[in-house]
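In each ligand, atom 1 is the first atom listed, and ligand 1 is the first ligand listed. Keep in mind the model is a prediction, meaning the values are calculated, not measured.
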Amino acid sequence: MADLSFFDGGALVSVLTTEPLGRALDYRAPEGGCFLGAFVEVPLGPRRVLGVVWGAGEGGYDLAKVRPVTRVLDAAPMSEAMRAFLVRVADYTLTPMPAMLRLATRAPGLADPPGPRRVYRKGWAEPDRMTEARGRVLDVLDEYGGAAFTLGELAGLAGVSSGVVKGLVKQGAVAEEEAPRDLPYPSLDPDLQGKALADDQAAAAGRLCAGIRAGRYGTTLLKGVTGSGKTEVYLEAVAECLRAGRQALVLLPEIALTAEFLTRVEARFGAMPGEWHSGVTQTERRRLWRMAGEGGVGLVVGARSALFLPFRDLGLIVVDEEHDTSYKQEDGVLYNARDMAVLRASFCDAQVVLASATPCLETWANAEAGKYARIDLTSRFGVAEMPELMAVDMRAEALEPNRWIGPTLVRAVTARIAAGEQALLFLNRRGYAPVTICRACGHQIGCEHCDARMVEHRFLKRLVCHQCGETKPMPAACPSCGVEGRLAPVGPGVERLAEEVAERFPEARVAVLSSDLFGSARALKEKIAEIAGGGADIIIGTQLVAKGHNFPLLTLIGVIDADLGLQGSDLRAAERTFQLMRQVSGRAGRGARPGVAMLQTCQPDHAVIRAILSGDEEAFWQAEAGERQAAGMPPYGRLAGIVLSSPDVQTVFDFGAELARRDAPLRRIGAQVFGPAPAPVARVRGRHRVRLLVKAAKGVALQAALAEWVGQLRVPNNLRLAIDIDPQSFY
Ligand code: ADP
Ligand code: ZN
């Protein structure tokens, strides 16, 4: 491989560290030398820090003062494709390289002193004399790339005695190191019998597999209603990738989804894949990080940050539920894992599969434009039918005050329970009530640090700010007028809905699924399994339930307030509501019994509600795309959000105004600046927030212009500036 260039001991190398410095620093390669891309520990002042050998040293310093690399870590060197990928993500998101490297090394103990195991990998020298046995050892090392072996493993694979390997160690042709015990993952068998695919599934799988066999970059939108068998199809692509001897990555939006998925992987391939998300132990994280680099894991299932694992040879990335907003990282490095997956694949000749029932408009448009291939699965697998969708016009429903389930929906729920089936009531609001008001003076209880109302959580017995997480007990008296006993909840959250359900259906077993009610991912997983097994009659859920869980007994969905998402002025309000409603209603009727989804709405004639009901998705996308195109909005134009925040309100407005005035670098590329304006949430954690929005045409050098633009001003100490390319949320 061309990128395995090697620096001899003492050579000047440039090392990128995880420390927030402006540039890479020069060091001397350690005794024994090191590869380009090697993970190293280097001295920085009195400390030792993690870094990667990024290239030849630049020189230009007092050479006598250049310090040596402390040691080379026991990890496969970072590949050239990975280094190029990190540079591109940094350029795209305007993130400094050290922050990118931190993202790519988020495994604990990478620099820990070596553990008790002695391992062997390819060395840096040629043996003085070549024999047949030595040749076989070197062949094995080549075949497995940078992988490390135990002595027995290496000798066994090469069919030689351990003495032959030891001889090569003396010559430097094989490197001997102490290594912690991070073992490779059991290998998955792609040729175990999978499920017999239906015709449309087989055709879809055939196309994906052909892409993988071609060994080139390509992206495919795999669109199909929930339950159409997309997962079965892309598992065949995973199998093909494993057959080709390459690695595969499946990204899932939600940890709670992985349990079901892992079971399916094990059934299909006879072993568990590597898992990467916040619920995985530190040892496993380190093991997986290292095995990704050494090729010791074939399939990784993970959350968005798995995209930054140092895969040795990644051949396939699946982004399941690709429309999911959780793929966008909203703090630190602001990246969208879906878009970066496409970028990464393009650097390593990999295929991308974007799977969704309701793709985001960007993906839909890329498929329309022919940049992505598109495969549609149009029917549900087997006997399962898409649920019937209907609107319940709430203007015509007789509803007592402080009640939210209309008579029509109550009748439907009653009938389902009587039939031994499950009903899901969907309300995308956590807590008991979104607003607490004083009936004496009209005061609404707000957060002291944020420009947001406190949300009552009765289960926790506290008021909670959904912006900053601040909590306080419910006061007895109004904090404004001091009158006692007049504070009252206004509007429903899932907990309040649960109260209404308990009153209306006293016999029913009720389960509330809201992210804040579960202490751990494990507890949530267990609850989901219990519900799937029939452990509840009525499920009350937030957005959490919209994400891919399979409840075979569920046949009725009641959307409490289908208008909730339509009120915002958000660019994506229509798209998000459309996706959410389609996703939620897709939860019903996944087993043999058909499902119904009822949408309670006060605007049954709203274009989005009509589009949801009619099921004419292409018409919806066309109309939505037309509007965006006319307005020059994404995906037909580009946006960058700038958020300024500071404890001092004057500083933040002054700085914002000065930025807006000095817009010459942006005008040069024809971009416009809007703002500064107070952000919709104007204060968070005591910091005042101001937003600017930059709008540009597609195809201009936006990042360079942005960098020049903000680079004109020195950022005051107490002010934070964050640039969000392709912003997804506008709070
Ligand atoms: P999606 O990913 O589109 O929601 P899944 O792949 O999860 O769909 O399939 C939905 C259900 O149908 C799952 O329970 C799955 O096991 C089953 N299924 C899909 N395809 C087949 C098949 N070819 N043979 C048997 N069962 C299948
Ligand atoms: Zn707050």
What atoms in ligand 1 come closer than 4.0 Å to a heavy atom of [X]?
X      : value
Ala196 : 22 (C), 23 (N), 24 (N)
Leu197 : 23 (N)
Gly229 : 1 (P), 3 (O), 5 (P), 6 (O), 8 (O), 9 (O), 19 (C)

With a 4.0 Å cut-off on N to O distance, would you call Glu322 and Lys230 a salt bridge?
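Not counted as a salt bridge, because no side-chain N and carboxylate O are separated by less than 4.0 Å.
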Which pair of non-hydrogen atoms, one from Val265 and one from Pro273, has the smallest distance, and what is that distance?
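Where Val265 meets Pro273 most closely, the heavy atoms are CG1-CD, 3.6 Å.
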Side chain, backbone, both or neither: which part of [X] has a heavy atom under 4.0 Å from ligand 1?
X      : answer
Ala355 : neither
Glu232 : both
Val225 : backbone

Hey, is ligand 1 close enough to Gly224 that some N/O pair sits below 3.5 Å?
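No; every N/O pair is 3.5 Å or more apart.
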Within 45° cone of [Y] ring axis and under 6.0 Å: [X] NZ or CZ:
X      : Y      : answer
Arg287 : Tyr185 : yes
Arg304 : Tyr327 : no
Arg285 : Trp276 : yes

Can you classify the ring geometry of Phe578 versus Trp621 as parallel (below 30°), tilted (30 to 60°) or perpendicular (above 60°)?
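Ring orientation of Phe578 relative to Trp621: perpendicular.
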